[in-house]
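Here's the structure, in structure tokens; my notes come after.
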There are 2 protein chains.
Amino acid sequence: MKKLRTRFKLWLSTKDAEGVFGDGKWRLLKSIDTEGSLRAASQSLHISYRKAWGDLKKAQQCLNVGLVEKQRGGIQGGRTELTEQGKKWVKAYTRFRSDIEKAVEKAFTKHIRRLVK
Amino acid sequence: MKKLRTRFKLWLSTKDAEGVFGDGKWRLLKSIDTEGSLRAASQSLHISYRKAWGDLKKAQQCLNVGLVEKQRGGIQGGRTELTEQGKKWVKAYTRFRSDIEKAVEKAFTKHIRRLVK
DNA sequence: TTTGGTTATGCACCACTCGACATATCGATT
DNA sequence: AATCGATATGTCGAGTGGTGCATAACCAAA
């Protein structure tokens, strides 16, 4: 028997929209926070700017929350920063995700490991 | 703020293959157990027989475990039943998944709910 | 031995997602 | 006002996974 590893995906949805927030958008927000711009964040994550921009738009629209503050123009072209709300979301989701990660490992050990042996 | 719902996907992988077991294959095994055939199981789950067959093959090959016993021919055409190992997998994964489901709800309440409020 | 419903498997097509482009717009600084 | 790099947004093509045939093999019962 090959060694097994757990995998999981976690996200939030509304009645109208699937995937309004999840690991991808969480990583995006974190990256925006450290990089200071949407473009730099997308490059850092190795995803297209197009996708990053779409994801961010979707999250903000569906959650109806201002996660970031964007600015266009200027000599640096522009910037994107997390709002206080955005930072709160990152923190909360980080803890949320961490709890699940631990639970997955624990449950795997408890229920699957012995079966696989 | 729209009401949020948690979503998660759970699966197991090896170094060589992604998704050797997970919610889909778990549901498939459960359905095989109640339906008695792969065809009936796939119809019950509203997935194509083609996919069900492929999923089952992949799980058995990658886990290197005999999850089902199949029989072809006969007046009823054939049948597919879970082996003891298959039943053990279903039970173990059921408990595994249930633990995660509870953890997700709990963590959501703890970390996200108040933020959304 | 004919039949019928299932397992077995390849292949073409389809829907969906994402990435790559192509532009357009913005605006503080020079 | 000219510049420069980021935001904003549509589109088209590639990759992926699933569906829908098509077809073969199987075999207990009639």
Side-chain angles (χ1 to χ4, degrees), chain A residues 7 9 11 13 16-29 31-62 66-83 86, chain B residues 7 9-13 16-29 31-62 66-83 86:
Chain A
R7 289 264 190 274
K9 236 174 88 76
W11 70 100
S13 300
D16 307 315
E18 195 67 12
V20 302
F21 201 88
D23 287 10
K25 297 181 180 63
W26 167 66
R27 278 191 292 269
L28 180 58
L29 288 189
S31 186
I32 288 172
D33 198 30
T34 59
E35 300 291 337
S37 84
L38 186 52
R39 177 159 302 278
S42 69
Q43 288 169 346
S44 161
L45 294 175
H46 303 294
I47 61 175
S48 66
Y49 174 85
R50 188 65 184 76
K51 173 168 168 55
W53 176 83
D55 283 357
L56 188 53
K57 184 180 181 184
K58 181 177 180 183
Q60 294 202 115
Q61 278 186 353
C62 297
L67 297 168
V68 299
E69 190 188 328
K70 300 177 183 181
Q71 186 177 350
R72 293 208 296 189
I75 190 64
Q76 283 111 10
R79 59 183 174 78
T80 300
E81 293 177 355
L82 293 194
T83 61
Chain B
R7 289 264 191 273
K9 238 176 85 77
L10 201 56
W11 69 100
L12 304 173
S13 299
D16 307 315
E18 194 68 11
V20 302
F21 202 86
D23 287 11
K25 296 180 179 64
W26 167 65
R27 279 192 292 270
L28 180 58
L29 288 189
S31 186
I32 288 173
D33 198 30
T34 59
E35 299 292 337
S37 84
L38 186 52
R39 178 161 301 278
S42 69
Q43 288 169 346
S44 161
L45 294 175
H46 303 295
I47 61 174
S48 64
Y49 174 84
R50 189 66 184 75
K51 174 168 168 53
W53 176 82
D55 282 357
L56 188 54
K57 185 180 181 183
K58 181 178 180 182
Q60 294 201 115
Q61 279 186 351
C62 296
L67 298 169
V68 299
E69 189 188 329
K70 300 175 183 182
Q71 186 177 349
R72 294 207 295 189
I75 190 62
Q76 284 109 11
R79 60 184 173 77
T80 300
E81 292 176 359
L82 294 194
T83 61

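When reading the values below, keep in mind they use all heavy atoms of this one structure, side chains included, and skip hydrogens, waters and symmetry mates. The shown structure was predicted, so the numbers you read here are calculated from the model rather than taken from an experiment. Within every chain, numbering begins at 1; the chains are lettered A, B, ... in the order of the sequence lines, protein sequences first and strands thereafter.
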State which residue, out of R27(B), Q60(B), R50(B), K25(B), fulfils the side chain to side chain contact (heavy atoms under 4.5 Å, CB included) condition with D55(B). K25(B)
Going by modelled atom types, is there a donor-acceptor pair between the base of dG10(C) and the side chain of R50(B) at under 3.5 Å? yes
d([atom1], [X]; [atom2], [N]) in whole Å:
X: R39(B); N: dT9(C); atom1: CZ; atom2: P; value: 14 Å
X: H46(B); N: dG18(D); atom1: NE2; atom2: P; value: 17 Å
X: L45(A); N: dG19(C); atom1: CG; atom2: P; value: 11 Å
X: I75(A); N: dT3(D); atom1: CD1; atom2: P; value: 11 Å
X: Y49(B); N: dT19(D); atom1: OH; atom2: P; value: 14 Å
X: E81(B); N: dT7(C); atom1: CD; atom2: C1'; value: 14 Å
X: L28(B); N: dT7(C); atom1: CG; atom2: P; value: 11 Å
X: L38(B); N: dA8(C); atom1: CG; atom2: C1'; value: 10 Å

Which heavy atom of T83(B) sits nearest a heavy atom of G66(B), and at what distance? OG1-O, 2.5 Å
Closest approach of L38(A) and A52(A), non-hydrogen atoms and distance? CD1-CB, 4.0 Å
Counting only side-chain nitrogens and oxygens, does [X] get under 4.0 Å of the OP1 or OP2 atom of [N]?
X: K57(B); N: dA8(C); answer: no
X: W53(A); N: dA8(D); answer: yes
X: K51(A); N: dC18(C); answer: yes
X: S37(B); N: dG5(C); answer: no

Just to be sure I understand the rule, does G73(A) reach a base, reach only the sugar-phosphate, or reach nothing, if contact means heavy atoms closer than 4.0 Å? base
Base, sugar-phosphate alone, or nothing: which one does G74(A) contact when heavy atoms must sit under 4.0 Å apart? base
Return yes when atom CD of E18(B) has more than 12 non-hydrogen atoms of other residues, nucleotides or ligands closer than 6.0 Å, and no otherwise. yes
Which nucleotide wins on minimum distance to the side chain of [X], given the candidates [options]?
X: I47(A); options: dT19(D), dG19(C), dT6(C); answer: dG19(C)
X: Q71(B); options: dA28(D), dT7(C), dA8(D); answer: dA28(D)
X: K70(B); options: dA28(D), dA8(C), dT3(D); answer: dA8(C)
X: R72(A); options: dT29(C), dA8(C), dT25(C); answer: dT25(C)

For W53(B), does the six-membered ring have the charged nitrogen or CZ of K51(B) within the cation-pi criterion, i.e. under 6.0 angstrom from the centroid and within 45° of the normal? no
